[in-house]
Each structure stands twice: as C-alpha cells, then as structure tokens.
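All values derive from a computational prediction rather than experimental measurement. Just so it is clear: chains get the letters A, B, ... in the order the sequence lines come, proteins before strands, and each one is counted from 1.
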Amino acid sequence: MPDADAPPYRYNAALAADIEARWQARWDADGLYETPNPLGQLASDRGLDGPKLFVMDMFPYPSGSGLHVGHPLGYIATDVYVRFKRMAGFNVLYTMGFDAFGLPAEEHARQTGQHPRINTESNIDNMRRQLDRLGLGHDQRRGVATTDVDYYRWTQWIFLQIFNSWFDPDARRARPIAELMEEFSTAARSTPDGRAWDDLSEAEQRELVDGHRLAYVADAPVNWCPALGTVLANEEVTTQGRSERGNHEVFKRPLKQWMMRITAYADRLLEDLDRLDWPESVKTMQRNWIGRSEGALISFPASTSPDGPMSDIEVFTTRPDTLFGTTYMVLAPEHPLVEELTAEAWPSGTPDSWTGGAATPSEAVAAYRARASEMSDADRSDSKSGVFLGAHATVPFTESQTVPVFVADYVLMGYGTGAVMGVPGEDQRDREFAEAYGLPVVRTVQPPPDHPADLAYTGEGPSINSRFLDGLDVEASKALILERLQAAGFGRSTVNYRMRDWLFSRQRYWGEPIPIVHDEHGPVALPEDRLPVELPELVDWAPRALARDSEPEPPLGRVTEWVDVELDLGGGSRRYRRELNTMPQWAGSCWYYLRYLDPRNDDHLVDPDVERYWMADPEPSGVGGVDLYVGGVEHAVLHLLYARFWHKVLYDLGYVSGPEPFKRLINQGYIQAYAFKDGRGIYVPADEVDGSLREGFAHDGQPVTRELGKMGKSLKNSVTPDDMYASYGADTLRMYEMFMGPIDQDRPWETRSVVGSQRVLQRVWRNVVDEETGELRVIDDGPDDELLRLLHRTIDGVSSDMEGMRFNTAIAKLTELNNELTKRGSGAPREVADAMIRMLAPLVPHFAEELWSRLHGSDAGSVTQTEFPVADPALLVTDTVEVPVQVNGKLRGRVTLPADAGEEAAVSAALAEPNVAAHVDGRELRKKLYVPGRMITLVV
RNA sequence: GCCCGGAUGGCGGAACAGGCAGACGCAGCGGACUCAAAAUCCGCCGCCCGCGAGGGUGUGAGGGUUCGAAUCCCUCUCCGGGCACCA
C-alpha cells in the first residue's frame, strides 16, 4: 500500500475511518434519523413535514457467523433511496429489527449449553455493530426483536384475535367468534343437526364453535423429524422427504396440531395480487402455490359385491366432461374408504397383476399401504403402481358400467378428495396406470388425426363415446354434464386449491408460547390481560434427538410447574393444562412492520391513527401498506403469504386500514463470488488464488478451476464488510455495491474493482480539498455556461435515476460531472461543488457530510437535511442539437442544427454534409424523415 | 415436463417510449511527471480492412415487421430460478 508517502489530506481508508466515526457519533447525538409520529410517544413538536413514506428491508435473522458483503446490498439500496426521499421532502419511516426466534439459536444452545437468549442477544449486538458501520439512517428507537417480551406479547395478542374469529363465507371476511355464537344461540344460524343451541351439551357447543375458528386444533398427518425433535411444516421438508435443516429423516405421524385457516382467504389472497406492485415472478409463485382450479365433485356409488352395502366415492376432477371415459377408480392409500371397500376375497377372474401377489385383498392392501408409508413422496412419484380392492364402482348415468376400484399411490390424499376417476383416454397419468394393469382405454374427446394413439389426449375437440355429450366441445360438455350431475344428485361444480391450511405449531422451546390453556373440552383462550405468556426459564431446554419410532414431545412439557396452572377465567378458579407447542418462526415476521410504527405502545399493537398515517393509501382505490419492501426472493411465497393472511384478518377485524401489508416489493439480487477448486476438487481459499481468466488461475503454484457460487464458508469465498472497511472505508463499499449493477440483478463480487469507486471519491475530494494542505480548492467564480448546463443535466438525470432506484447510472452521471471538473484542473466552482456534494449525500453520507462542513463551515448543519438539488428546466434545453444522419439505414455523418429546425432545414443541412452528399451522390431522394433532435433519415 | 427470468467488448454493466450500440467503472496499452517506482494527470481501447479520411461488420442463432431493431413479432439454442403424479 502506497499510503506511507501519500499526501496528508488524501481521501483513503484511514481518513474515511476517521470521517465515518466522527459523523456517526454526531448523527447519534443529534437523533438525526428519528422520525416523528403524528401522535403518541414518538410524536415530536417539530411536526410532520411533507408526505409520508414507509420503506423497509426484510429484517435479518441474527446469525452467529456474521455478515459477508452480500448481506447489506439491500440495506444500502434502501438507505440511499430513503436519504434521497428525505432530501426531497418526505417524512420517511426507516428502521431495522431482528427475526430472532427459531432453530439456529436453539441448535447452538443445544451444542454449547448456553441459553438461546444469551446467544441471540450477543448475535444481535455483533450484527448491529457490523451494520452500524455502514452508516444506515435508521430510526434506532423503532427497531424490534421478535424475541422481546414486549414484542411477542403482541404476537400472542394477534393469535388470540385469530383464534377468536371465524370466516363468514357470505361476507367473505373474518368476524368475531362471539357473533357466530350469537347467531347459533338466537337460531339465526342453525346447528348442523338442527337441534337448538341450548340442547347441545357444553362439549358439543365447544366443538361446533371451535370447528369454525381461524386458528383450530386438528389431527393432521405431520412431518415428524426425530433428529430435530420437532414437527416440520411441509415447506420445511425437501422434495426428497428430508428436513431442509440438517437433512434428517422425516416421518409422517398423525398429531393434534394448531392450524390456521389460510385456505378461507385463498380467493382474496389470489385476487389482491393483481393490485400489488410486485415482481411478476413473485406473484406467479404465489398463484401457483394457491393453485386454484375449477372443477367438479362427482360421487360414484361403490361396493364390494353387487348386492352389498354402497359407499359413495367422491372425486374431484377438472374434466367432468370425460366422465364416460372412466374405466377404473383410484383411492389414495390413506383414504378413509379403503377399509370399507376392501373385499373379503378376490372376485373370480381377477388378473394376477392386480393382486400384488397376496392371497386376499386385505393382505394386498395392508402390504401396499405399509410400503407407501415407508416411501418418501419423491420415491412414490417414479412409477405407477397399485392394488385392486376387489370392489367396483358405477359410473353415474350408467346402470351397467361398473369399474374396478384400486388403491394407488399416484393419488395423493392431500389434494382434492384423495380419490380420482381413472380416465386413461384423456389423462396421461391414468393412461400409464391403465397400461400397467391392462385396463381399457376409452376416448371421450376426438383427437386430431396426427395424435399418437398411445398417448392421452388433453386438448380441445368434440365429445365422443359420451352419450348426451357427443358432439359438444369441451366447454359445452362440462357445462351440460355439471347441470345433469347436479340435477341427478351425483355432483356439483366446485373450486379446489392446492394450498393447505397452515400448520402453525412447533415442538420447540425457542418460539412464542401459544396463549392457550386446555380443559376437558379443548382449548381455551387466555384473556388479553393475561398476556404476555412468558417463556419459562428452562434449564434442561435442549430438544432431544429421538428414536425413529418416537412420538412428538414438546420441550415445554418438561416444565411441570409451568404446565399445570390454576386460573379463574370466569366462573371460579379451576385447573388447566397449558399449551405446550410454540409458534413457528414465521409468526414474528408476519407483522413486525406494524410494530415499527408504534413500538412503545403498551395499550395497542399500534395506535389506529398512527397506523392510518403510515399505512393508508393516498389513492382511494389503493391497497395501502408499506410503500417499499426490499428483500430476497427466497421469501416469495411463505413469509409474504403468511403476512398477507394475518394482515387481512387484522383488516377484517378493523385493526388496520388497508387489505395488504406491502404495496410495493423489490427482490434485490444476490452477490455471488468466484470459488476455486484444486485438482482434487477441494475448494481453496479464494483470496489466495492468483492469475486471470486468460492465463489461468493458480493456488500454491497448482492450477485451480473457477466457478461462480453463493458467498460463504463452504466455498471459501467470503469477503466480509470488515475487510472492506479496513481497506477502503464504508462509503467506498456503499458506492461500489450500488455501482455494480441494477438492484434486482445477481452479480459477481470482484474485490479488485472496489478500488475504482474509491478513486472516484478521491477525485471528487481533490476537486474540493487540496490533498497537500487540506485547504479548500473551491473557486468562487461561477461555472461557465457549458459546465452549468452539464450540472443541470446531471441533476436532472441523477434525480430520476434515484427515484427509479437506478443507483448505478446515477453514480455514472455524477462521475461524468466530476471527470469534467478534473479535466478543467482548477478546483470546482462553489456552485457546482455545493450541488454535487448534495447529490452524493444519499450514496456516501459521511463523505458528503465532511465535504459539506468544509465547504460551508462546521456549523452549517447536516447535508442530509438540505434539499436535493433541482434542475433548472431552462438549462436543460439547448439552442443547437447535433443530429446523426442516416442514408439507407447507415450512419453517414452528423450535422449541428438549431433545436427548432424543421424537416426542410434539417434535410438540406444533412445534404450539405460532405460524407452524406457523397453517399447520396446525386441520386433521387425517395424518402426523407426528421425526428426532431434525434435522427435524419434519407432513402435514395 | 410446466411456469417465470436472462444472454450486449477481456470483465461488471449503459442505451428509461423503435432513433448515434458499448455511458461509467475494472483490466489492458501508450504518453506526461519521476533518478526510478508508486500515486496522479492526459490519451487509446468490439472485431476486420486502411497510413489516413473512411469502409465493412457487430448486441446468443435463424427469420420477419420498419426508413430505422439490443429494443417489437415468430422459431430455436444455451444459462439461471420456481414448481413438479395437483386429478
């Protein structure tokens, strides 16, 4: 490093460190980034200036391993944008919290014996230190951690609101459960079996009401992971049927679990996507996740013998028009009708391939089910297999068309009704099954002549072999068959969703306790004044790695003195057993944006007026919510869908002013980094590799190969912000990250390029400050006309780039302006320096503060509180323009024209240009065109 | 298999509404300053032909629309991401 004999006032890492520390201390002392609320504890007598803006990053999990340079990319981008908007006159709410419950802290605690809270808090401190060094303009008073008791008290409060609500399908919204009970008790709504409310026992009343709640207990097949000692949500299990964390084995077990009725909101979650300013890819992922499909429910009477008792097999299908192509039926292995429809013995003539080699249907079914339960969903998907139950079903509208009933694992219990009608002519999966078991194939839609005979046909065409549907196209056939099915009582149209209800409970310690106690009839909500339900201190808190065949057991069950409580919840003191499950990590992140608004409010989750000020949409048709939310695309579905769901419930119950939490979403790209492997395929530390793409890369003299990947320990290619602070300073790091490319794009990190951003800042510095003396180099003469016009074009371009978050091009324009100053070599004219420093302030705030105070004196105040420069429109228009000339589509020259020149004048000027004239060469002009200021086109 | 993105110099990227392709930065080359080096400043920098003026060619490939296409349309290739027996 050449710093030893560098000029004393050069802007380098040492000076940057000094400047950054000094200004950060002053910002803190002045509370510069504290944002006032219209009322309440965070109100300020300085009042609310300008329109509001709420900008937010997805808050981080405070991991123990610290940050690499990829982590703060989004935070820097929002900070630059927020600073720009503040200078443009907005009252901006911008802060940062921590998503601190969850598995990693508990896993760490399990290995070290240290309580998760201690580890979590030290991680938060460390992460704060690394982030603070970047100079982010957060309102520090508003940050929350989901593990704060004052915070999770309100997470529990929201749970109670959800528990105490039901979804009214007629009103299409949540309503208080008390209103449902009122309707039952006044007979405005009848009970399922028609008895009067008062004739139901307490147990019956409770069961009826509990079955309507938005949070409910259900016996669900869950993913039990003994190695982690917990139940996992479907989305935490990989497609290989292992745990996403740790890659452990996962088994299906039935268990009483808390569920959230998100499916009730499926249509609203789907519809409102159209009103959001989100990346199209994220909306598409959510649409696919919800998976709405319109179809029909159809009942097939089935029995194990022609004169035996009948059971109805109900199927869901999107193609009711293909009903008459049904040649068999399939039940999922877990389907409840499998027992009833398993015959005593194989009917005569049953092919051997249908029996699975078993002596009786029940043996075959038992063996098949046992095998299916052992297999992961991925293994199940490979080939079509199944066994015959010995039963037959009758196709509706036919007396005689009976078809065999199979159990097969290509039908999933979790989708539709867990049963399908097998139509091998029109569905390729059914076709494959039919071929494996020698079942007949009947086409019900006429395929085009070139359609292969051995493939199902899923396209359009007239119905055939379908009785009264023959000749109708697919859509008309669907309509008619539905009408007939409905009239005959065999079925009806319905809408099915891929999305399931949200499995909400976890058998963990380090999560929010669910504020519920149980009596002999089931769950009872704790009253709000009993919140928070604090996590008990637990000495033996560690989850236990359990045997494969173990049953799920929550750690809280070990705190016996906590589990059993005596409470008076009205009607006298009695004993209850506490809920032992805790909430999933998603819970705390579902609503943190609301607490940012009013973090110290002890009476409300958020004051309604404060909520309205920050969240209500200025457009009457708008959805409201956070104005800009920035984060990784990995949260495209789960976090964003769960948060939308909770927000809609709170909206229905009147606690928030709009239907959506996040109005605009941007996914920042990832910073990737090159990783290097030696001849053995082992990664070598990337910072020890020499060479280039052309001459090849080497480590310790041995050739290595290069690949691009995620930054991290495993690829040995991490670069930490601390390294960059030490070599260049935080402002250079900020500028480099913003200069690398558009915010939403992945990009490879290249440490050797960072110096370019530092050199740009050094050139700016030199145009304002003398490196040798530290004196100002600014000149008091006004800029000449050319420079003044360049300045205003820069102001204009930088403003719109900042507004559009195109910080890379904003930096390029500022660099051009500064390069022009450097070229002149005389120090910056004061007016230009002033504007340039203000334009730099959002990007490199410490650097700009330092130059600002040198330019205007130490009591000039913060540059961040000045106005962003505004371009003078008069200086953006020019008298003359240089216009390119095309002849027959090829560029042949340029001419300078008055800006208001007409086509005739432009064309004659073009023809006067020698090179243009040479190419026209006296030939006839067939076409002439002048796009003012842009292009002259001649065709000869 | 289906659904989204994307492909521009040696590299990251720019061209915002169909109008000068390659802004800005990195790397590279040349020059000034220096005893020398570093730093800094000035210049060059897609490819081919040409001393030059200039010409040809060029935005993954092929075709189309247009006076004019990186940009719009069709076909294809490759890369990244998501979903995946969803009836």
B:rG6 and B:rG63, which share atom name P, separated by this distance in whole Å:
24 Å

Using whole Å, what does the distance between atom C1' of nucleotide B:rG19 and atom CD of A:Glu903 come to?
14 Å

With a cut-off of less than 4.0 Å, is there a side-chain N or O of A:Thr822 near OP1 or OP2 of B:rC41?
no

Provide the distance between the two P atoms, one in B:rA87 and one in B:rA17, to the nearest whole Å.
38 Å

No-hydrogen, no-angle side-chain donor-acceptor test under 3.5 Å, A:Asp801 and A:Thr809:
yes

Roughly how many Å is it from CG in A:Leu638 to C1' in B:rG82, rounded to a whole number?
12 Å

Contact class for A:Gln745 (heavy atom, under 4.0 Å): base, sugar-phosphate, or nothing?
sugar-phosphate

Anti versus syn assignment for B:rG81, with syn defined as within 90° of 0:
anti

Take atom P in B:rU8 and the same atom in B:rC41, then report the distance between them in whole Å.
31 Å

Please figure out whether A:Gly797 or A:Thr284 has its closest RNA chain B nucleotide nearer the 5' end.
A:Thr284

Nearest-Å distance, CG (A:Asn667) to C1' (B:rG82)?
12 Å

Rounding to an integer number of angstrom, what distance separates B:rG13 and B:rA23 when you compare their C1' atoms?
10 Å

Should B:rG28 form a Watson-Crick or G-U wobble pair with both distances under 3.5 Å, which nucleotide is its partner?
B:rC44

Using the six-membered ring wherever Trp is involved, compare the ring planes of A:Phe406 and A:Tyr437 and label them parallel, tilted or perpendicular (cut-offs 30° and 60°).
tilted

On RNA chain B, compare the nucleotides closest to A:Phe316 and A:Lys823; which residue's is nearer the 5' end?
A:Lys823

Interatomic distance at C1', B:rC51 relative to B:rG58, whole Å
25 Å

Send over the distance from A:Trp765 CH2 to B:rA39 P, rounded to a whole Å.
21 Å

Selected nucleotide, minimal atom distance to A:Arg892 side chain, candidates B:rG19, B:rG55, B:rA87
B:rG55

Taking atom types as modelled and ignoring hydrogens, do the side chains of A:Asn12 and A:Tyr728 form a donor-acceptor contact shorter than 3.5 angstrom?
no

Cation-pi check, A:Arg498 onto A:Trp289 ring (under 6.0 Å, within 45° of axis)
yes

Using purine N1 to pyrimidine N3 plus N6-O4 or O6-N4 for Watson-Crick, or N1-O2 and O6-N3 for G-U wobble, both under 3.5 Å, which nucleotide pairs with B:rG80?
B:rC4

Whole-Å gap separating C1' (B:rC41) and CG (A:Asn818):
14 Å

Counting heavy atoms from C-beta on, name the nucleotide in B:rG55, B:rG13, B:rC67 closest to the side chain of A:Pro742.
B:rG13

Tell me whether the side-chain N/O atoms of A:Arg498 come closer than 4.0 Å to OP1 or OP2 in B:rA84.
yes

May I ask you to decide if the ring planes of A:Tyr642 and A:Trp502 are parallel, tilted or perpendicular, using 30° and 60° as cut-offs?
parallel

May I ask which nucleotide in the shown strands pairs with B:rA61, Watson-Crick or G-U wobble, both distances under 3.5 Å?
B:rU75

When the distance from CH2 of A:Trp749 to P of B:rG13 is rounded to whole Å, what number comes out?
14 Å

Could you tell me whether a side-chain N or O of A:Ser299 sits under 3.5 Å from a main-chain N or O of A:Glu314, the two making a donor and an acceptor?
no

Heavy atoms under 4.0 Å, any strand shown: does A:Arg766 hit a base, just sugar-phosphate, or nothing?
sugar-phosphate

Whether the side chain of A:Thr937 and the base of B:rG19 hold a donor-acceptor pair under 3.5 Å is what I'd like checked.
yes

Tell me whether the rings of A:Tyr736 and A:Trp749 are parallel (<30°), tilted (30 to 60°) or perpendicular (>60°).
perpendicular

With respect to the phosphate group of B:rG55, does any side-chain polar atom (N or O) of A:His919 fall under 4.0 Å of OP1 or OP2?
yes

If the cut-off is 4.0 Å, is A:Lys890 near the phosphate of B:rU57, judged by side-chain N/O to OP1 or OP2?
yes

At under 4.0 Å between heavy atoms, what does A:Val931 touch on the DNA or RNA strands: base, sugar-phosphate, or nothing?
base

Please check if any side-chain donor atom of A:Asn767 sits under 3.5 Å from a side-chain acceptor atom of A:Thr822, or the reverse.
yes

To the nearest Å, give me how far apart CZ (A:Arg934) and C1' (B:rG18) are.
11 Å

Under 4.0 angstrom, heavy atoms only, what part of the nucleic acid is A:Asp801 near: base, sugar-phosphate, or nothing?
base

Compare the minimum distances between each of B:rG43, B:rG19, B:rG13 and the side chain of A:Arg747, then state the nucleotide with the smallest one.
B:rG13

I'd like a table of atom pairs between the protein and nucleotides 21-31 of chain B - only N or O on both sides, under 3.5 Å - with the distance next to each one.
from: B:rA23; atom 1: O2'; to: A:Glu816; atom 2: OE1; distance (Å): 3.2
from: B:rA23; atom 1: O2'; to: A:Glu816; atom 2: OE2; distance (Å): 3.3
from: B:rG25; atom 1: OP1; to: A:Arg763; atom 2: NH2; distance (Å): 3.2
from: B:rG25; atom 1: OP1; to: A:Asn819; atom 2: ND2; distance (Å): 3.1
from: B:rC26; atom 1: OP1; to: A:Arg759; atom 2: NE; distance (Å): 3.0
from: B:rC26; atom 1: OP1; to: A:Arg759; atom 2: NH2; distance (Å): 2.7
from: B:rC26; atom 1: O2'; to: A:Ser753; atom 2: OG; distance (Å): 3.3
from: B:rA27; atom 1: OP2; to: A:Arg759; atom 2: NH2; distance (Å): 3.0

Just how far, in rounded Å, is P of B:rG55 from CG of A:Asn888?
14 Å

For A:Asn915, answer base if it contacts any base atom (sugar-phosphate contacts may also be present), sugar-phosphate if it contacts only those atoms, and nothing otherwise; contact means non-hydrogen atoms under 4.0 Å.
sugar-phosphate

For nucleotides B:rC44 and B:rG10, find the distance between their C1' atoms and express it as a whole number of Å.
16 Å

Is there a Watson-Crick or G-U wobble partner for B:rA15 with both distances under 3.5 Å, and which nucleotide is it?
none

Side-chain ion pair, A:Asp427 and A:Arg319, N-O less than 4.0 Å
no

Which value, in whole Å, describes the distance between the C1' atoms of nucleotides B:rG64 and B:rA53?
37 Å

My understanding is that only residues two or more places apart in sequence, or in another chain, count here; which of them pass side-chain contact (heavy atoms from CB on, under 4.5 Å) with A:Arg492?
A:Leu297, A:Gln486, A:Thr494

If we take the P atom in both B:rC42 and B:rC4, what is their distance in whole Å?
50 Å

Which base, if any, makes a Watson-Crick or G-U wobble pair with B:rU66, both distances under 3.5 Å?
none

